[in-house]
Colleague: 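Before I ask anything, let me first share the structure, which is written out below as structure tokens.
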Amino acid sequence: MTTAPYRFAAVAVVVAVSPAVAAQTDAPDAPPTKVEITTVAKGLENPWGLQFLPDGRMLVTERPGRLRIVGQD
């Protein structure tokens, strides 16, 4: 199987980039950021992207190829 070299390459890239990313995010003078997480929809399979509609609903694409409309209800 030919996927083993690609897996190794992906791991090597993550390991090589991780210290650089950590160095960029270590900002001692930056104020802490407050983050709030709210679940707006359940049962989605690998949500891939979203776009808000003018009426407040969202179009959500899923990796298997489905397009869902998520509303407040």
Side-chain angles (χ1 to χ4, degrees):
M1 188 175 263
T2 61
T3 58
Y6 296 113
R7 284 188 208 146
F8 176 74
V11 170
V13 169
V14 170
V15 171
V17 172
S18 295
V21 172
Q24 291 175 358
T25 58
D26 291 338
D29 297 332
T33 303
K34 188 174 184 179
V35 176
E36 184 177 326
I37 298 173
T38 304
T39 301
V40 296
K42 292 183 180 180
L44 297 172
E45 184 178 343
N46 295 75
W48 193 250
L50 64 90
Q51 181 68 43
F52 286 95
L53 296 171
D55 64 358
R57 295 180 300 165
M58 292 184 296
L59 294 173
V60 180
T61 57
E62 296 176 299
R63 190 174 286 177
R66 289 183 292 272
L67 175 66
R68 307 237 185 205
I69 297 176
V70 177
Q72 291 180 351
D73 56 349

Colleague: Evaluate the side chain to side chain contact (heavy atoms under 4.5 Å, CB included) criterion for residues Leu59 and Ile69: first the C-alpha distance (whole Å), next the side-chain angles of each, then the deciding distance (0.1 Å), finally the verdict.
Modeller: CA-CA 5 Å; Leu59 294 173; Ile69 297 176; 3.6 Å; yes

Colleague: Indicate, with yes or no, if Leu53 and Leu67 share a hydrophobic cluster defined by side-chain heavy-atom contacts under 4.5 Å among Ile, Leu, Val, Met, Phe, Trp and Tyr.
Modeller: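 The answer is yes; both residues are in one hydrophobic cluster.
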
Colleague: Is there a side-chain contact between Glu62 and Trp48, using heavy atoms and a 4.5 Å cut-off?
Modeller: no

Colleague: Exactly one of Arg63, Arg68, Arg66 should register a salt bridge (Lys or Arg N to Asp or Glu O under 4.0 Å) with Glu45. Which one does?
Modeller: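 Testing Glu45 for a salt bridge (Lys or Arg N to Asp or Glu O under 4.0 Å) against Arg63, Arg68, Arg66 leaves exactly one candidate, Arg66.
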
Colleague: Spell out, yes or no, whether Leu44 and Leu50 are grouped together once hydrophobic residues are joined by side-chain heavy atoms under 4.5 Å, including indirect joins.
Modeller: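 Same cluster.
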
Colleague: Rounded to the nearest 0.5 Å, how far apart are CD of Gln72 and CE of Met58?
Modeller: 10.0 Å

